[in-house]
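Data first, discussion second: the structure below is written as structure tokens.
None of the values given here were measured: they were computed from a predicted structure. Here is the naming used below: chain letters follow the sequence lines, and residue numbers restart at 1 for every chain.
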Amino acid sequence: KIQVIVIDLFGSNIDIELTRPDEQFGDFSTNVAMQLTKSVGQNPGEIAEKIRSALKAELPEQIANTEVAGPGFINITLTELALVELLDATPSQSLKGKKILVEYSDPNPFKPLHAGHLYTTLVGDSVARLIQAGGAETIRLNYGGDVGLHAGKSMWAIIKFLGGEKPEELNKIPESERPKWLGERYVEGNSAYEDDESFKAEIVDVNKRVYRLHEDQDKESPFAQIYWQCRKWSYDYFATLYKELEVESFDRFIPESEVTKLGTDTVHEQLQKGVYEESDGAIIFDGEKYGLHKRVFINSEGLPTYEAKDVGLSLTKWQDYHFDESIIITANEQDQYMQVVVKSIEQFEPEPAKRTKHITHGTVKLQGGVKMSSRKGNIVTALEIIESASQAGETSDTNPNEETILAAVKYAFTKNRIGGDIVYDPEESIALEGNSGPYLQYAHARARSILSKINVDDGELSDLQPGERSMVRKIGEYTEVIDKAVQELMPHLICTYLYELAQEFNRFYEKNRVVGDEREAVRTKVVKLYADRLKDGLNLLGITAPEKM
RNA sequence: GCACCCGUAGCUCAGUUGGAUAGAGCGUUGGCUUGCGGAGCCAAAGGUCGUAGGUUCGAAUCCUGUCGGGUGCACCA
């Protein structure tokens with residue numbers, strides 16, 4: 001609408017950006033006038049004034065007031081009618097008709113789940129929810145390394161523990177201790193590999209046997225029985241965590257073993273065509289030609305590295321889904337690695353490479369910047385994080401139930417912009433005051449409690465008083481926020497908004513009685529709209545909104 | 001050495017396709033309580049936006065240098 005006026009007046013069709021300014025300035029604001037200063041050759045105040053008066057004349061029904069302020073902002077205050085109409089808007093489903101793959105979580109069988117896995121799982125879940133909210137056909141993928149050196153290390157230590165290749169010995173390990181037991185074996189195998197040359201050689205050999213077992217589709221040999229049994233234990237363990245977290249379930253688990261052959265074959269094939277090259281007995285891709293670095297895809301033992309398997313994975317995704325977009329979420333240490341892999345694929349299969357987007361996040365640290373490592377063994381496991389939230393709740397006056405604990409952890413991990421490291425503080429996450437999941441749950445429950453005491457029908461939103469208008473204004477921003485969060489794939493935008501919304505409500509609530517007031521009907525409508533948005537927003541984050549707490 | 005990410009209040013973070021007095025929470029200090037869930041509200045103190053330049057009418061935001069932290073740079077994942 002402003003666009004048209006600008007074109008009429010100045011013949012310029014720049015994009016008009018409407019922002020939500022501080023409430024004192026109005027409902028919308030734009031700085032076009034300042035942007036036009038140069039091309040038009042008039043001072044911003046004059047330009048703004050022309051646009052302002054034209055705009056006001058054009059839309060008398062929608063615009064109550066406009067003014068030019070500061071260096072040349074045009075501030076627009078909507079009429080009550082227009083403001084209320086904004087409430088009917090729904091998120092724009094901008095991804096409708098697209099098929100989008102989201103790969104995240106990616107735990108490796110035979111290795112323990114540490115706090116980082118919890119983080120990446122929750123980030124992935126919230127991003128996938130956004131994509132789904134955008135209307136896309138969303139396919140959740142989980143890729144895991146069931147072959148590779150780590151599996152070799154674990155298998156070596158497992159066999160040693162069992163006193164040989166004796167699968168029946170596995171039955172002696174109680175079900176509840178299996179995840180921990182597997183984690184300990186990995187740590188043992190890893191230390192052995194690093195500390196002792198002869199152990200290292202043995203492990204390399206075990207690693208080869210694991211690959212061979214897949215090629216031969218061996219399920220019978222004692223070695224294979226141990227492998228498949230422990231692999232299953234790992235997957236069971238992952239399933240337990242996902243269930244506990246109440247994250248959306250994955251559409252497909254793709255173990256590395258499933259894509260190894262395709263990846264290996266492709267690399268060999270493209271070696272002939274010059275995409276990959278031989279170097280010191282290994283097959284590499286020379287990313288330096290593209291400002292990246294060199295990486296080994298097939299090692300000199302002839303075994304595929306992670307790189308080759310990722311090639312297989314990408315091609316598998318492309319063949320099986322023909323996606324519009326493929327999103328991969330990992331820790332940021334894989335950032336440059338992934339660029340090399342994707343660049344190599346681009347050389348012979350450009351389409352899927354171009355449609356692949358890598359989102360990276362930072363690492364989880366505990367209060368005081370303590371980092372966790374899975375090499376040393378002193379790791380914080382995923383379940384321990386949840387446990388710590390629960391414990392922090394018990395020592396406070398909260399006494400949280402499961403819903404609250406999950407809300408605490410999920411919100412703590414999604415409220416920050418994806419990218420940097422995050423510091424997890426259990427006490428802050430479970431706190432009922434401040435910017436936390438439980439605070440928002442409480443805010444919701446309190447609003448529902450008010451509504452449960454109401455006996456009148458909703459009123460029309462008209463002749464709004466200032467507090468009511470502020471609430472309507474804030475509620476009306478909901479769809480804009482969702483759209484932006486979907487577009488940018490940034491769940492934290494929703495967190496920020498919901499928190500602001502709850503604060504706005506608390507201000508309203510402080511001054512305006514609902515039940516029994518002469519404006520009860522109108523205010524009931526406001527509270528209802530507020531509670532519904534809060535609930536929807538929390539659900540988008542995978543957080544429940546209980547009626548009572 | 002090269003590359004990528006990060007550096008905003010004591011702490012944890014928003015704000016970064018350039019725009020109005022840089023905003024929240026926690027913590028600190030003071031006020032509000034006969035209340036629909038006070039798990040709240042109001043207010044104060046607290047900032048050379050790492051630092052030095054540059055571009056611009058205008059820079060936390062863009063460019064360059066520099067310092068500090070993290071990560072990655074060949075047979076690990």
Determine the Euclidean distance between corresponding C1' atoms of rU71(B) and rU29(B); express it in Å to zero decimal places.
-> 42 Å
Polar side chain donor-acceptor pair, Ser449(A) to Lys453(A), under 3.5 angstrom | yes
For Ile284(A) and for Ala69(A), locate the closest nucleotide of RNA chain B by heavy-atom distance; then report the residue assigned to the nucleotide nearer the 5' terminus.
-> Ala69(A)
For rC62(B) versus rG15(B), give the span between their P atoms, rounded off to a whole number of Å.
-> 13 Å
Name the nucleic acid region contacted by Asn512(A), choosing base, sugar-phosphate or nothing; use a 4.0 angstrom heavy-atom cut-off, strictly under.
-> base
Pair of N/O donor and acceptor under 3.5 Å linking rA77(B) base with Thr305(A) side chain | no
Does Arg446(A) make a side-chain N or O approach to OP1 or OP2 of rG40(B) shorter than 4.0 Å?
-> no
Name the pairing partner of rG27(B), where a pair is Watson-Crick or G-U wobble with both distances under 3.5 Å, or state none.
-> none
Rounded to whole Å, the CG-C1' distance (Asp22(A) to rA22(B)) equals 12 Å
rA20(B) C1' sits how many Å from Gln24(A) CD, rounded?
-> 9 Å
In whole angstroms, the gap separating P of rA20(B) from CZ of Phe28(A) amounts to 18 Å
Using the C1' atom on both, measure rA20(B) against rA3(B) and round to a whole Å.
-> 39 Å
Now, which nucleotide makes the Watson-Crick or G-U wobble pair with rG46(B), with each of the two distances under 3.5 Å?
-> none
For Tyr337(A) and rG72(B), is the gap between ring centres under 5.5 Å while the planes differ by less than 30°?
-> no
Taken to the nearest whole Å, CG/Asp421(A) to P/rG72(B) is 12 Å
Under 4.0 angstrom, heavy atoms only, what part of the nucleic acid is Asp280(A) near: base, sugar-phosphate, or nothing?
-> base
According to a strict under-4.0 Å criterion, is Gln503(A) in side-chain N/O contact with OP1 or OP2 of rG25(B)?
-> yes
Is any side-chain N or O of Lys309(A) closer than 4.0 Å to OP1 or OP2 of rA77(B)?
-> yes
Is Glu510(A) side chain donor-acceptor paired with the rG40(B) base, going by distance under 3.5 Å alone?
-> yes
Main-chain N/O of Asp335(A) paired to Asn332(A) side chain as donor or acceptor, under 3.5 Å | no
Please state whether the rings of Tyr227(A) and His214(A) are parallel, tilted or perpendicular, taking 30° and 60° as the class boundaries.
-> perpendicular
Taking N and O atoms by type only, does the side chain of Asn31(A) place a donor or acceptor under 3.5 Å from a partner on the base of rG19(B)?
-> yes
Are the ring of Tyr509(A) and the base ring of rC36(B) both nearer than 5.5 Å at their centres and tilted by less than 30°?
-> yes
Phosphate-side-chain proximity, Arg417(A) and rC6(B), N/O vs OP1/OP2 below 4.0 Å | no
Residue mapping more 5' on RNA chain B - nearest nucleotide basis, Ser279(A) or Leu149(A) | Ser279(A)
May I have the distance from Asn506(A) (atom CG) to rG37(B) (atom P), rounded to whole angstrom?
-> 13 Å
C1'-based separation of rA43(B) from rU66(B) [nearest Å] = 42 Å
Nearest-Å distance once atom C1' is located in both rG53(B) and rC67(B) = 15 Å
Would you call Asp532(A) and Arg448(A) a salt bridge, using N to O less than 4.0 angstrom?
-> yes
Flag the pair Lys343(A) and Glu346(A) as a salt bridge only when some basic side-chain nitrogen lies within less than 4.0 angstrom of an acidic carboxylate oxygen.
-> yes
rU71(B) P sits how many Å from Glu333(A) CD, rounded?
-> 8 Å
Does Phe73(A) lie flat on the base of rA20(B), that is, centres under 5.5 Å apart and planes under 30° off?
-> yes
Might you work through the side-chain contact (heavy atoms from CB on, under 4.5 Å) test for Val275(A) and Phe285(A), ending with a clear yes or no?
-> CA-CA 7 Å; Val275(A) 172; Phe285(A) 177 74; 4.1 Å; yes
Opposite nucleotide pairing with rU71(B), Watson-Crick or G-U, both atom distances under 3.5 Å = rA3(B)
Taking the P atom of each, how far is rU28(B) from rU33(B), in whole Å?
-> 22 Å
Nucleotide forming a Watson-Crick or wobble pair with rU33(B), both distances under 3.5 Å | none
Any strand, both distances under 3.5 Å, Watson-Crick or G-U wobble: rU17(B) pairs with none
So Leu406(A) and Thr544(A), side-chain contact (heavy atoms from CB on, under 4.5 Å) or not? Walk me through it.
-> CA-CA 9 Å; Leu406(A) 270 184; Thr544(A) 56; over 6 Å; no
Quick one: are Ile327(A) and Ile359(A) in side-chain contact, heavy atoms under 4.5 Å?
-> yes
Close approaches to RNA chain B from residues 405-412 of chain A, in residue order (heavy atom, under 4.0 Å) | none
Rounded interatomic separation in angstrom, taking CG from Asp335(A) and C1' from rU71(B) = 9 Å
Counterpart base for rA59(B), defined by Watson-Crick or G-U wobble contacts under 3.5 Å = none
Side-chain N or O of Arg295(A) closer than 4.0 Å to phosphate OP1/OP2 of rC73(B) | yes
Can you tell which of Glu500(A), Glu504(A), Gln503(A) makes a side-chain hydrogen bond (donor to acceptor under 3.5 Å, both in side chains) with Lys474(A)?
-> Glu500(A)
So what does Ala445(A) hit on the nucleic acid, given a heavy-atom distance under 4.0 Å: a base, only sugar-phosphate, or nothing?
-> base
So OH of Tyr411(A) and CG of Leu541(A): to nearest 0.5 Å the spacing works out to 7.5 Å
Can you tell me, in whole Å, how much space there is between the P of rA60(B) and that of rG1(B)?
-> 31 Å
May I ask you to list the residues of residues 483-496 of chain A, by number, that have any heavy atom positioned under 4.0 Å from an atom of RNA chain B?
-> His492(A), Thr496(A)
Glu23(A) and Arg507(A) ion-paired at < 4.0 Å = no
Decide yes or no, distance alone: a donor-acceptor N/O pair under 3.5 angstrom between the base of rA20(B) and the side-chain of Asn75(A).
-> yes
At under 4.0 Å between heavy atoms, what does Thr37(A) touch on the DNA or RNA strands: base, sugar-phosphate, or nothing?
-> nothing
d(CD, Glu301(A); P, rC76(B)) in whole Å | 8 Å
Nearest-Å distance once atom C1' is located in both rA22(B) and rG65(B) | 26 Å
Between the side chains of Arg295(A) and Gln336(A), is a donor N or O closer than 3.5 angstrom to an acceptor N or O?
-> no
Identify the heavy atoms of Ala447(A) and Val527(A) that sit nearest to each other, and give their distance.
-> O-CG1, 3.8 Å
